[in-house]
Amino acid sequence: MMLSALYATNTKRSFWRKWASKVMRIQEALRWAISQLRSEDAQADAEILLCHVLQKPRAFLFTWPERPLSEAEQTHFETLLARRIKGEPVAYITGRRAFWNLELATHPSTLIPRADTETLVSAVLETVPEQPLDIVDLGTGTGAIALALASERPHWRVQGIDRLAETVRLAQQNAQHNGLAHVRFAQGDWCLGLVDHSVDVLVSNPPYIRTDDPHLQQGDVRFEPSSALTSGADGLDDIRAIINDAGRVLRAGGWLFLEHGYDQRDDVVLLMIDAGFEHLETRKDLGRQDRVTFGNLPTAIKL
Ligand code: GLN
């Protein structure tokens, strides 16, 4: 064998031996992953992905920083990390997302629940009396809003509606998994299938982004279905459809809570006033942006 070939083989071998014998520990794996990720949530993303690989809660990472990763765990972690580096949202990689006090399964057919939507859940809980009520979540997706409300108000009759059959199945699975099997989910197009004057509270986080919004080409939203994000040239098509039909399905005095874009407050307020809603209020999300507007119908006909 020529000297140069021998040298090359030996170099490869020693590199391989060094690599193979290098056991990565939890703390090192996290540090390495954070250095590879360019997302602003690098630390949180690395922790969630490693917990997913190890099938352990977050506290485990900090209790056992010296715990070595097996070769299989290390390979799995590298594969998940490569997907995140390409931009895929963590919630689609792990198939899970925490929302309120729930653990929800996610799917690329529907929106990933956001912490900002907890603003809507809080607004409902703080505004609506605790007595038994009929409440419907339109475009429920994973079931996040419906299930969070049901977990806080066990005596409310909560129903979630979604246009897609596979999303309805996902929400049902999330209800079972969180011990909230009494929440009903059905397929439907906004208020269309609902009986006249049968609902006390309508809630929705509908699509509300303008179809030409440049943000749709950036970050995690690129992986989410446009059916869950966009709604016509001004982003208000679905919000208009919901507001227009809300008066038919709500009982006298009934409430409507809508999540909307940071710059859509005035439009939503005007649309709701035109539809007869009163006592309009807007709540800000965690980033201090207008995010949720709500109001109620008059309790009796005004003369
Ligand atoms: N708030 C989400 C976003 O800007 C959109 C959610 C929605 O369209 N309902 O990414």
Side-chain angles (χ1 to χ4, degrees), residues 39-41 44-45 84 87-93 97-100 102 104 106-124 136-149 160-164 167-168 170-171 174 185 188-191 202-243 245-246 256-269 271-272 282-294:
S39 59
E40 58 183 77
D41 301 321
D45 289 357
R84 181 64 189 136
E88 197 175 340
V90 171
Y92 286 158
I93 299 175
R97 175 67 158 232
F99 180 82
W100 201 254
L102 312 166
L104 299 174
T106 57
H107 188 269
S109 66
T110 194
L111 195 81
I112 298 166
R114 276 115 160 110
D116 285 335
T117 302
E118 293 180 349
T119 304
L120 190 152
V121 175
S122 305
V124 176
V136 176
D137 175 19
L138 300 168
T140 194
T142 57
I145 300 172
L147 295 173
L149 291 172
I161 308 268
D162 204 279
R163 207 170 42 82
L164 302 175
T167 304
V168 170
L170 177 74
N174 279 329
F185 290 98
D189 197 354
W190 301 130
C191 298
L202 277 177
V203 300
S204 186
N205 172 19
Y208 51 71
I209 301 178
R210 294 173 188 85
T211 33
D212 65 353
D213 190 319
H215 292 107
L216 295 166
Q217 298 346 306
Q218 299 160 16
D220 288 16
V221 287
R222 288 173 300 155
F223 289 79
E224 291 178 289
S226 61
S227 59
L229 293 167
T230 61
S231 191
D234 64 358
L236 291 165
D237 283 3
D238 289 298
I239 285 185
R240 268 190 289 266
I242 293 169
I243 294 175
D245 223 9
L256 172 61
F257 291 77
L258 286 173
E259 178 171 325
H260 53 74
Y262 70 97
D263 56 355
Q264 292 172 333
R265 173 185 168 266
D266 292 352
D267 289 319
V268 174
V269 165
L271 287 165
M272 285 183 69
T282 296
R283 293 272 165 95
K284 291 186 191 295
D285 63 19
L286 301 168
R288 309 296 305 146
Q289 306 273 13
D290 289 335
R291 187 62 62 193
V292 175
T293 293
F294 57 97

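Both counts, for ligands and for their atoms, begin at 1 and track the order of listing. These numbers come from the heavy atoms of this one structure, side chains and all, not from hydrogens, waters or symmetry mates.
The single protein non-hydrogen atom nearest to atom 4 (O) of ligand 1 is I209 CD1, 3.9 Å, given as residue, atom name and distance. Residue, atom and distance of the protein heavy atom nearest to atom 2 (C) of ligand 1 are R114 NE, 3.4 Å. Ranking the protein heavy atoms by distance from atom 1 (N) of ligand 1 puts Y208 OH, 2.7 Å first.
Applying the 4.0 Å criterion to heavy atoms of L229 picks out, from ligand 1, the atoms 8 (O). Close contacts of ligand 1 with P207, meaning ligand atoms under 4.0 Å from a residue heavy atom, involve 8 (O). Listed by number with element, the atoms of ligand 1 under 4.0 angstrom from any heavy atom of A228 are 7 (C), 8 (O).
Not a single heavy atom of G261 lies less than 4.0 angstrom from ligand 1. Assignment of P206 to the shell around ligand 1 is supported, since a heavy atom sits closer than 4.0 Å.
Of the heavy atoms in H215, none comes closer than 4.0 Å to ligand 1. Counting heavy atoms closer than 4.0 Å to ligand 1, residue V221 contributes side-chain atoms (C-beta onward) but none from N, CA, C or O.
Looking at L216, V221, D213 one by one, the single match for side chain to side chain contact (heavy atoms under 4.5 Å, CB included) with T230 turns out to be L216. Among V121, L147, N174, the single residue meeting the side chain to side chain contact (heavy atoms under 4.5 Å, CB included) criterion with F99 is V121. For the salt bridge (Lys or Arg N to Asp or Glu O under 4.0 Å) criterion with R240, the lone passing option out of D245, D267, D234 is D234.
Using modelled atom types, one finds a donor on one side chain and an acceptor on the other under 3.5 Å when comparing Y208 with E259. T293 and T282 share a side-chain donor-acceptor pair at under 3.5 Å.
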Q.
Set out, in order, the CA-CA distance, both residues' side-chain angles and the distance that settles salt bridge (charged side-chain N to carboxylate O under 4.0 Å, His left out) for D237 and R210, then state yes or no.
A. CA-CA 10 Å; D237 283 3; R210 294 173 188 85; over 6 Å; no
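Here the SG atom belonging to C191 is positioned 8.5 Å from the CD1 atom belonging to I161, to the nearest 0.5 angstrom.
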